[in-house]
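Report on the structure given below.
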Protein chains: 2
Amino acid sequence: MDVQELKRKAAAFLALHEAPRLLILPCAWDSVSAMLFEKEGCQAIGTTSAGVSSTLGYSDGQRMRLEENMAVVRRIVRQTNLPVSADIEAGYARTTEGVVRSARAVLEAGAVGLNLEDSTGDSSNPLFEVPVMTDRITAIREMASSQGVHLVINLRTDVFLCSEVTGVSRLEEAVERGNAYRNAGADCVFVPDMGDLDKDTISALVDALEAPLNIIAGENTPPVAELEEMGVSRLSFGPRPMRAALALVRKIAREALVQGTYKLMTKDALSYAEVNAWFDRGPTNEFGGTGEDER
Amino acid sequence: MDVQELKRKAAAFLALHEAPRLLILPCAWDSVSAMLFEKEGCQAIGTTSAGVSSTLGYSDGQRMRLEENMAVVRRIVRQTNLPVSADIEAGYARTTEGVVRSARAVLEAGAVGLNLEDSTGDSSNPLFEVPVMTDRITAIREMASSQGVHLVINLRTDVFLCSEVTGVSRLEEAVERGNAYRNAGADCVFVPDMGDLDKDTISALVDALEAPLNIIAGENTPPVAELEEMGVSRLSFGPRPMRAALALVRKIAREALVQGTYKLMTKDALSYAEVNAWFDRGPTNEFGGTGEDER
């Protein structure tokens with residue numbers, strides 16, 4: 001993608017974090033989910049590593065390769081006009097240089113934001129030390145700035161996913177980490193929880209963090225208007241819509257296999273024509289082809 | 001995949017067409033939908049070109065490349081123990097040699113069945129002439145036999161999708177084509193319709209076709225027990241479950257964007273742990289990696 005377009009999209013995406021309105025960021029797992037979210041009026045598209053991993057046949061947690069993840073991101077970018085932010089888990093590398101290489105691949109794929117998490121994947125020592133993360137953030141910011149793009153760095157701290165850290169100390173740890181990440185150059189701090197963060201915790205995070213706050217939507221999350229009033233900046237979906245969709249596919253399969261009928265698969269379904277119209281048509285590839293992996 | 005395993009899976013898949021029980025063949029669009037169908041007890045997995053195309057960012061109708069399609073098939077085969085049948089549309093080629101190359105790619109991807117359709121993609125001349133199709137079938141059968149594998153060839157005739165051919169002549173045309181395809185070496189004849197085939201048409205097809213019949217499931221399709229009694233061999237889903245799932249994702253997006261709440265995305269959703277457990281775990285790729293495109 002042209003660097004001017006990257007700059008423009010990155011700036012537009014960053015501005016959505018600074019607006020008084022909550023940025024509702026759906027997380028896509030493939031091109032068709034991304035286009036659906038665009039058609040519904042979303043202003044930007046994130047990705048979900050858990051979702052993307054499973055479509056590719058991997059469990060979540062850095063089992064897919066960076067290149068596989070970026071191929072999905074590139075396909076999404078190819079179709080949508082919206083800014084795209086890529087979930088790159090913990091950066092697919094052990095070194096700062098390796099994580100920067102992954103962040104560079106995000107820009108090369110045409111995305112203008114990334115999610116980077118501080119989980120190590122090692123349950124005996126679940127979070128990277130703060131200086132490891134701040135080094136990574138600083139180095140990613142330098143790399144992107146050298147290209148003239150304000151890559152939107154969403155730094156995810158997994159403090160609330162760690163069973164070791166509990167209660168008030170968990171909140172303190174998240175705030176300490178979030179502010180260190182912000183000082184190193186992160187644009188937004190993402191604090192996911194196993195369940196849904198309660199209103200008091202969200203308020204405490206907004207008050208104590210010097211950065212825009214990103215939380216994940218769930219049934220017990222306060223509604224959009226309340227989150228806006230509380231000062232939350234970004235609300236993302238994670239893999240939840242995808243897993244809800246899978247649950248419907250399961251009901252459809254069971255209806256056919258157990259009851260022997262097929263009502264659910266056509267009930268309210270989108271039409272073939274509608275879905276097809278979301279994508280470029282052009283010639284079929286038996287006469288020259290539009291399909292290509294890398295454009 | 002080992003040729004002995006291909007032979008074994010192909011034979012098992014073929015036998016499912018000859019059993020008195022209806023083969024209910026779900027059509028997957030990625031690895032996670034394929035694994036869901038396996039976990040629900042399906043005995044084989046098909047793919048849907050419309051579904052796969054859209055996940056990759058293309059409209060249906062040979063816009064994706066063969067290699068992109070086969071990459072998805074290979075990923076599905078890697079995870080499932082079930083026989084897999086690949087939808088290769090009209091074979092991604094204008095020549096018999098080209099279509100055989102595509103069928104060879106199906107076996108190389110580890111699938112043991114394929115769907116080939118007689119649509120040209122040209123509305124002024126929508127169906128290939130019968131001899132073109134029978135040449136292709138004969139040549140595919142020869143290629144597979146030379147490898148010692150009874151590739152299950154499901155030949156789709158799109159007579160009922162053509163608005164030009166109507167009424168009884170449409171039925172006659174489908175039967176004539178189906179029987180010619182069977183004589184050339186097809187194992188099963190697939191007759192999709194825009195809507196759902198009615199009971200009389202299904203019965204007439206079963207009676208007149210000398211091949212097992214594959215139809216597509218829809219809300220007006222007779223239930224499984226009736227189809228079995230009528231002698232239908234195979235019932236596939238096409239892209240319908242996927243489009244039903246997309247409709248739910250749309251409702252989820254609208255709930256967040258319009259109502260400002262997020263109940264639907266967690267209601268009845270599969271858990272993160274359940275979906276992850278469907279896939280190999282193994283080491284994360286920052287320490288050596290399990291992710292690879294082509295294994």
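A note on names: the letters A, B, ... follow the listed sequences, proteins ahead of strands, and every chain is numbered from 1. For clarity, every value in this text was computed on a predicted model and none was experimentally measured.
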Check this for me: B:E229, atom CD, are more than 12 non-hydrogen atoms of other residues, nucleotides or ligands nearer than 6.0 Å?
no
Need one label for B:S271: side chain, backbone, both or neither, based on atoms under 4.5 Å from any heavy atom in chain A.
backbone
Assert top hit (heavy-atom pairs under 4.5 Å, partner chain A, pool B:G91, B:G238, B:S54) equals B:S54
Region of B:E274 in contact with chain A, defined by heavy-atom distances below 4.5 Å:
side chain
The interface call for B:P26 against chain A, heavy-atom contacts under 4.5 Å, is neither
NZ of A:K39 to CZ of B:R250: how many Å apart, nearest 0.5 Å?
11.5 Å
Rounded distance [0.5 Å steps], CZ in A:F37 versus CG in B:L257:
9.0 Å
Main-chain N/O of A:P222 paired to B:Y262 side chain as donor or acceptor, under 3.5 Å
yes
Rounded to the nearest 0.5 Å, how far does CG of B:L56 lie from OG of A:S31?
7.0 Å
Interchain contact, B:A225 with chain A, by part (heavy-atom threshold 4.5 Å):
neither
Nearest heavy atoms of B:E219 and A:K263, plus distance in Å
O-NZ, 2.8 Å
Is B:K251 close to chain A through its backbone or its side chain, or both, or neither, when contacts mean heavy atoms under 4.5 Å?
side chain
Quick check: closest heavy atoms across B:V224 and A:A256, and the distance to 0.1 Å?
CG2-O, 3.8 Å
To the nearest 0.5 Å, tell me how far B:L36 CG sits from A:L248 CG.
10.0 Å
Heavy-atom pair count under 4.5 Å with chain A, highest-scoring of B:G98, B:A34, B:P223, B:G41
B:P223
Can you tell which of A:L246, A:I252, A:I24 has the highest number of heavy-atom pairs within less than 4.5 Å of chain B?
A:L246
Determine whether A:F279 and B:R63 make a side-chain contact, defined as any pair of heavy atoms from C-beta on separated by less than 4.5 Å.
no
Please determine which of A:R243, A:R240, A:M194 meets the side-chain contact (heavy atoms from CB on, under 4.5 Å) test together with B:Y272.
A:R243
Would you say A:Y58 and B:R78 are linked by a side-chain donor-acceptor pair, where the criterion is simply a distance under 3.5 Å?
yes
Side chain of A:Q79, backbone of B:G57: donor and acceptor closer than 3.5 Å?
yes
Go through the atoms of B:L264 and report whether side chain, backbone, both or neither lie under 4.5 Å from a heavy atom of chain A.
backbone
Side-chain ion pair, A:E40 and B:R254, N-O less than 4.0 Å:
yes
Taking side chain as everything from C-beta outward and backbone as N, CA, C, O, which of these in B:T55 sits under 4.5 Å from a heavy atom of chain A? Side chain, backbone, both or neither.
both
Let me know if B:V249 has heavy atoms under 4.5 Å from chain A in its side chain, its backbone, both or neither.
both
Given A:V32 and B:M242, is the side chain to side chain contact (heavy atoms under 4.5 Å, CB included) satisfied, shown in steps?
CA-CA 10 Å; A:V32 72; B:M242 188 208 196; 3.5 Å; yes
Most heavy-atom pairs under 4.5 angstrom with chain B, which of A:L227, A:L22, A:V258, A:T221?
A:T221
